Amino acid sequence: MSERTVPDLLTRPSAGRAASMPLMGREGEPTVFELSSPGRKAWSFRETGLPEWAPEDLVPAEHLAGAPPALPEMSERDLVAHMSRLSSRNYSVDHGAYPLGSCTMKYNPKLCDAVAAMPALAHCHPAQPDDQIQGWLALLADLERILCEVTGTAAATLQPAAGAQGELTGLLLMRAWHESRGRTPTKVLIPDSAHGTNPASAAMAGYEAVEVPSDGRGLVDLDALRRLVSDDVAGLMLTNPNTVGLFEVDIEPIAAALHAADGLLYYDGANLNAILGAVRPGDMGFDIVHLNLHKTFATPHGGGGPGAGPVAVSERLAPFLPGPLPRPVPGEEGRYRWEMPERSIGRIHGWHGNALVLARAYAYILFHGGEGLAEIARTAVLNARYLKERLRGTYDFPYDGPCMHEFVASSAGIKRKSGAKALDLAKRLIEEGFHPPTMYFPLIVDEALMVEPTETESPQTVEALAQALLAVAAEAEADGGAAARAAPRTTPVGRVDEAAAARQLRLTWSG
Amino acid sequence: MSERTVPDLLTRPSAGRAASMPLMGREGEPTVFELSSPGRKAWSFRETGLPEWAPEDLVPAEHLAGAPPALPEMSERDLVAHMSRLSSRNYSVDHGAYPLGSCTMKYNPKLCDAVAAMPALAHCHPAQPDDQIQGWLALLADLERILCEVTGTAAATLQPAAGAQGELTGLLLMRAWHESRGRTPTKVLIPDSAHGTNPASAAMAGYEAVEVPSDGRGLVDLDALRRLVSDDVAGLMLTNPNTVGLFEVDIEPIAAALHAADGLLYYDGANLNAILGAVRPGDMGFDIVHLNLHKTFATPHGGGGPGAGPVAVSERLAPFLPGPLPRPVPGEEGRYRWEMPERSIGRIHGWHGNALVLARAYAYILFHGGEGLAEIARTAVLNARYLKERLRGTYDFPYDGPCMHEFVASSAGIKRKSGAKALDLAKRLIEEGFHPPTMYFPLIVDEALMVEPTETESPQTVEALAQALLAVAAEAEADGGAAARAAPRTTPVGRVDEAAAARQLRLTWSG
Amino acid sequence: MGSFVPHTTSEIEAMLGFLGLDSLDDLFAHIPEAVRLAGGLAIDPGRSEADVLDRLGALAGRNRPAGPSSGTGQLVCFAGGGAYEHDIPTAVRALAGRSEFVTSYTPYQPELAQGVLQALFEYQTMLCRITGMDVANASLYDGASAAVEGLNLAAAATGRKLVWVSAGVRPAIRAVIRTLCGPRLEIREAPLRDGRTVWPDDLDQPAALLLAHPNHLGVLEDVAGAGELAHAAGALLVAGADPVAAGVLRPVGELGADVAVGEGQPLGTPLAFGGPYVGLFAVKQAPYVRRWLPGRLVGEGQDSEGRKAYVLTLSTREQHIRRAGASSNVCTNQTLIAVTTAIHLAWLGPQGLRELALRCARGARYTRDALLRIRGVEPAATAPTLYEFAVRTPRPAGEVLEKLAEAGFLGGLELTREYPELGEALLVTVTETRTRADIDAYVTAFEKAVA
Amino acid sequence: MGSFVPHTTSEIEAMLGFLGLDSLDDLFAHIPEAVRLAGGLAIDPGRSEADVLDRLGALAGRNRPAGPSSGTGQLVCFAGGGAYEHDIPTAVRALAGRSEFVTSYTPYQPELAQGVLQALFEYQTMLCRITGMDVANASLYDGASAAVEGLNLAAAATGRKLVWVSAGVRPAIRAVIRTLCGPRLEIREAPLRDGRTVWPDDLDQPAALLLAHPNHLGVLEDVAGAGELAHAAGALLVAGADPVAAGVLRPVGELGADVAVGEGQPLGTPLAFGGPYVGLFAVKQAPYVRRWLPGRLVGEGQDSEGRKAYVLTLSTREQHIRRAGASSNVCTNQTLIAVTTAIHLAWLGPQGLRELALRCARGARYTRDALLRIRGVEPAATAPTLYEFAVRTPRPAGEVLEKLAEAGFLGGLELTREYPELGEALLVTVTETRTRADIDAYVTAFEKAVA
Ligand SMILES: Cc1ncc(COP(=O)(O)O)c(C=O)c1O
Ligand SMILES: Cc1ncc(COP(=O)(O)O)c(C=O)c1O
């Protein structure tokens, strides 16, 4: 038999080869474009019995594309293999602890997945008339009521798609309220420890963001705040517990200072986990609260979304809420309709918000009930407090008040002794089987590691995390940070050079 | 602050630590028992409003257990983490090619998962009266019809839960048929290359299994067969294409020899992939055929089951089929009822077989249609033939006829040159990103590697597999098999010592 | 037309070119013309995924499902008798549905299958704990095949051929035993009296006694007594054990059973029109395991570096090694359902399993008390039951069920045909899914149906 | 009561003991008494998983869903207008549901997140290819937020404050623009004539022109013309692009759009009562990317050993670095839906996407022709449409929809309130899910409804 040559067509990357699956090996996974083969297909469509008009009969020549977009051409099997392998190259809450501070990566109940998959929830058109969507309206109305109870407020909009959109909504409400009173203050006060979305949202709402310094306790510097408060201040955005995990114990005088100057208090409630059933923003004097349902209420984060960022407000701000809102039909027990608040700032979302995320959060709340929510807070704080105390002596706590659901440690001392940065310790922790904590946030702490174990991690997991954090620190001091700087060595890729990637931008695949 | 000691309770294995996930590390995963903590729980039950009778009021003292069984006590979060991590320690078709000969590990369509999840299929009680389950009866009747068309037979039972149970069923049908004719032959002929379930099933059916030798072609030795055929032979069990992947081209004289002695032909149709729409067992003279739906018809193998092993028979055997069977109600178009064949051998399954597996196979067939099934066969053979030819010159083919959907290579030559056994090459292949082929089967081939790429693997995948198989052989010849013997080094555990595990039995966890 | 074949025309041509062939048909050229199919299969053309879903959806729409309990079940289920509608925790479903479990093969390559292997090892251990046995295999097909294999093991271990089967064993399982053991074993039936098995005085050198506990009338059997009889006669006691009842009942292993068999469906698997379920199988240690145990077994061992590793073991018992001499022909079994069962048992834990059993029993007690207050409804047995029980009806049982179906209930299973001695009788089952409101409505409908 | 908290009483005691505390309450002791909640939340007690499913099932049962197309939809859907009932391939659903995608956080640690990162990189590339743009971000919230960010980008890039928004942009999106851009930008509307945007002669130094293609009446716009106008005025053209229509229409990037925005829902996401969907956002390369592009971006880079690795990049644009000066405040976006979209696009491929668009267009053509044969039904615009179109009805549109609902159809969207100039008018949408039989039945019902 003569020598036969292998056709070129066949020596392209193979979608069946699994060398990129960490179970098997450490190679890279080709892109869908490399796995594409001209003419291959996964799709099939329903038989309709309709006339088969040609493209030219359906689309005017000036609009008709010469060829469809250059998408990959794959078999369903290859697509499944590719995406399944990609999934195996990704960490998740389902696979282990994820103690990212400020992110509340708790267990995402499968129960809520089942709810979001209910066909009679998942297949309603958002423009269906009220009488066809009474289930949805009742659900949203009850969720609104519950979120108001949790936050000590009067009414809420469920439209914002995430926390940041909630912030913008809240600030526009603030603006509308001031305008309704003939005022146009231009500044919003924001602590230096605040999440970056706070100043960014203020800017988008047309406000100047003015930084409020923290004091030695890591709390709002009350004197500085008092000096900053003026007629030109629309309000203060505050997180409490704040982003160093501490409760702003001066909240009463803080609120008084703002209110005295006709300023409003905005509560960044992205992370309510510590205060559920224990403290309510409304009771502390806040007028506006946004909540991240994808944190406190365990709707999964999806690798970066979707979330939901409802905004709840006190009585005096309710007339300005975005709409429409689900409201009871007077005289018809149990029936609801969409209503636009009288002085509404308008719409925030193209429809009604991330409805299926809202349904998940609602199921989560029904499951726990009022007392269950309080138990969450107590346990979340217990885990954080225990973990923090276990790290004492090895990590520093520049702001050492009693922490709530999370705490910020500094590894500056370790860095001095070993050269290992927070980043190095974080990467080394991966090799110990843990996702790293949040690094370098908040900005006011040097070599910050922000740790939030959440309530769904067992005491054994919290202890194991403590041991791992202590071990990597001890190792760094012993070896001058060598192992930490080389980490992670157990992952499909090693330390990624983020700076180089930003310099040499490659944002699409181009062969 | 005084030194505080960490409570023992907290230093037990942690369910949140992910070091066993191959993405993170290479540690072992603790068992559920080690992750258990007394008093922890995941369960919750519906509120019923029923009286809360005490156990003693419900169960007589002599029956009442003192304590419930010592099951693990876990939170749902920990259970999810543990099982998700375990899943990450397992290979699957969804993640890549799985070229196991005799196993037909093709793509398992997600479409069929959706069908099996349909509530109106998944939540019918198997004892519901006929009028409540017309959908199921129609489905099963149509599936029976189609399987008969595929195999060239007259009627079928869908009860057998797997191939081996199908074999036993077929042999009991053989026995019943002979008995109906007043005969009680005691032997069943089985080729030496046959799957182990064939002789084992024969023994369970009360027959003596008599081995038929293969000839130099790897086919049934026709002369030897003729010598073995006698009055005392109930029949012959044959796989065609046989377990070395070759078509028994003498099937006509083989069938004639058996039929002449009043013997029946049994077709082991576990792997029909090569002959769909091309050749039918009934047309070759077979009276009894079992099919493995979990192979040819792509119902997933579930890590070892469930499958389904329907048995189809020719007209003359139909009266003996197990029952009940779904049959049309005379005079009522489209309506079905359960009927017991008149001379039925009885029941094989506690209910109606693995119904949801049957539904999956039915959906698979509807999707492909008759021509689609034929395309499967053609492509499966093409892939195998190509792969075999690519390996020529490096691997040996002791039986070198034109292969069908799979082929058996021998690495005996490589072993002579390098010392590397088939096992070593197989383990080395893992490091190249492929699940190994079937090893050491069939028994008649030395250092056998039985390879079945299946039709859903792309040409590129088949070529990549060829290159990997060639590469590991070349490497072994170069390094005397050293790398192969050390393999696999990329998996969570290295080469497992099966012999030691069988000597030193540990079959349950005992702390 | 749907297809999962990836090959494009030019790829097929390239491959054929490499092989020196002209067409795909040439691949089959060596097959005798006489046995080749001319004209293709008479099966409708393929269709799209959406069309398949439409068609299957339409077929399914012709069923009246008896579940799921949370959701859209059309009939409220009071039927059991071997197949039970229980709530399945969403987490159990999600985990058992992970594609690494669903789409893998039998774990022949342990290095790539530690996930399934460890899950099965945990299953084996949990099954031993709920049955009180020493060694469990990694699953059999269903409760019926487990019973068959139990009798086969007993026959092999004792070298005897006679087995006694209680009439309290579910009729379909007895039918399967007759079919599958019939050719090799002699099967005799022990009748029930007031719902409990009466073993004959002369057992006549049996290999095994087989009973179910609770049995098909829901009645609790005298397992210990049967064990003594069996052992005195040199036989094994094979006991059908209910995994839900295991939450409150003394384990059969403690009561003298040598082999525990059973149906695992109630723990995590839907009614599924009868399958796939899972056959539970566990034995006392010596001397059965190495030689006679059927089915797959996972053991704990080590890898080349001494790390703990799980692996299929004792394959010398199995068909692929021992062929005609194997302990059984079983090969593919029900691994995924065994894994599901393990996940469900871990979700329940000891207290959850106990609570589950108690809740079923409470519902049954409440239902039974209420039904027996209806005029003409009588107990079919007075012996203690747990969560299933048999009642005699003043009208034909089939008719009662029909009327209950009209009222929206799957009212139970008819017992009359299989147990004519009971007269018109029904088996009624109550699980944790039934609320007081469900039961009250059922009892009202029942009262009307028998009036 | 349900709980996912694992802690047992003794564990809590052990942890408190370590902390030197007496009770859990002590953890909150430092919080001023005045702000502590006394008496707990007025929220019903928790319930079991089954009870939650029962309750949600009962609530959901009060909806009349307009899908899924294969299955149990109660209303046959002829409504669109920004939210579309398409078939979702089972494989897309299964893959997008993998818990590694669902339960991970934003990929801040690239070593543990190559899966999500690569999927987003593939999404970015595919989005560029269907829009004809150079760079796409990794998603925004929805079509409305994408439009808002497009205008913000234009304003920032041009240093101007006036934006022109076509009346063909969906009314709700225009409302969102008013709310969110209102405080900083001046928004003016360009009206429609016969369904197409009429831009004013004097554009008056605008930052941007925004249109939708096809627009809310289903009409194909003159994108190239708008691009020329915009560029002549020193403005950017922000074009709303439909990802399904992209299968047959020339990409907006080829027609002069500087920013493409859109709604990704039609590719793999159910109607979902309006969310979560995904905002599509892509731009021409220079000069917008480094400074002005909003949202997350994935880049290809390398790890320490030179292996290819994906990573979030250009975070200097983002709020967590630049704070008040960020290109946008967006943080959490819609990653999972973007991944879903990518999977769906790869499932379709070029021919599948084209086929999808054509099938929708064919259904719409057939429906439109049939409706216009009904006496009194007239086109609301004569300009070419693709798979949505507007018709005038001889009876009030709301009434027609009510009658259609009685007949089992979600018959379209009322246009009257938002476009009073059209009179009584409906927007009718047809996707690939509608068969000829569906449409014939719909047309018959429509005829009755307007009679
Ligand atoms: C304190 C705080 N505020 C605001 C946000 C922004 O929320 P989102 O990411 O949902 O926009 C986050 C989360 O990232 C946060 O942690
Ligand atoms: C040729 C052959 N026969 C029979 C069987 C037995 O089938 P099952 O494993 O379904 O019992 C198999 C599969 O293992 C097989 O490959």
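Every chain is numbered from 1, with letters handed out A, B, ... down the list of sequences. This structure is a prediction, so every number in the text was calculated from the model and none was measured.
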A.B. asks: Could you check whether K427(A) pairs with E111(D) (Lys NZ or Arg NE/NH1/NH2 to Asp/Glu carboxylate O, under 4.0 Å)?
C.D. replies: yes
A.B. asks: Under 4.5 Å from any heavy atom of chain D, what part of V59(A) do you find: side chain, backbone, both or neither?
C.D. replies: side chain
A.B. asks: Check whether NZ of the Lys or CZ of the Arg R129(D) lies under 6.0 Å from the centre of the six-membered ring of F33(A) and within 45 degrees of that ring's axis.
C.D. replies: yes
A.B. asks: Counting only heavy atoms closer than 4.5 Å, note whether V5(D) contacts chain A via side chain, backbone, both or neither.
C.D. replies: both
A.B. asks: With only heavy atoms counted, which part of L19(D) is less than 4.5 Å from chain A, the side chain, the backbone, both or neither?
C.D. replies: side chain
A.B. asks: Chain A heavy atoms under 4.5 Å from L249(D): which part of the residue, side chain, backbone, both or neither?
C.D. replies: both
A.B. asks: Relative to chain D, which segment of R40(A) carries a heavy atom at a distance below 4.5 Å: side chain, backbone, both, or neither?
C.D. replies: neither
A.B. asks: Please flag which part of L180(D) lies under 4.5 Å from any non-hydrogen atom of chain A: side chain, backbone, both or neither.
C.D. replies: both
A.B. asks: With ring centroids as reference points, do F247(A) and F28(D) lie under 6.0 angstrom apart?
C.D. replies: no
A.B. asks: Flag the pair F273(D) / H123(A) as yes when their ring centroid distance falls below 6.0 Å, and as no otherwise.
C.D. replies: no
A.B. asks: If you look at every heavy atom in G494(A) and R307(D), which pair is closest and at what distance?
C.D. replies: N-NH2, 3.4 Å
A.B. asks: Measure from NZ or CZ of R359(D) to the centre of the six-membered ring of W43(A), then state whether that distance is under 6.0 Å and the direction lies within 45° of the axis.
C.D. replies: no
A.B. asks: For P72(A), is it the side chain, the backbone, both, or neither that has a heavy atom closer than 4.5 Å to a heavy atom of chain D?
C.D. replies: both
A.B. asks: What part of L413(D) lies closer than 4.5 angstrom to a heavy atom of chain A: side chain, backbone, both or neither?
C.D. replies: side chain
A.B. asks: Which bit of A324(D) is near chain A, if near means a heavy-atom gap under 4.5 Å: side chain, backbone, both or neither?
C.D. replies: both
A.B. asks: Which bit of T433(D) comes within less than 4.5 Å of chain A, counting heavy atoms only: side chain, backbone, both or neither?
C.D. replies: both
A.B. asks: Relative to chain A, which segment of Y366(D) carries a heavy atom at a distance below 4.5 Å: side chain, backbone, both, or neither?
C.D. replies: both
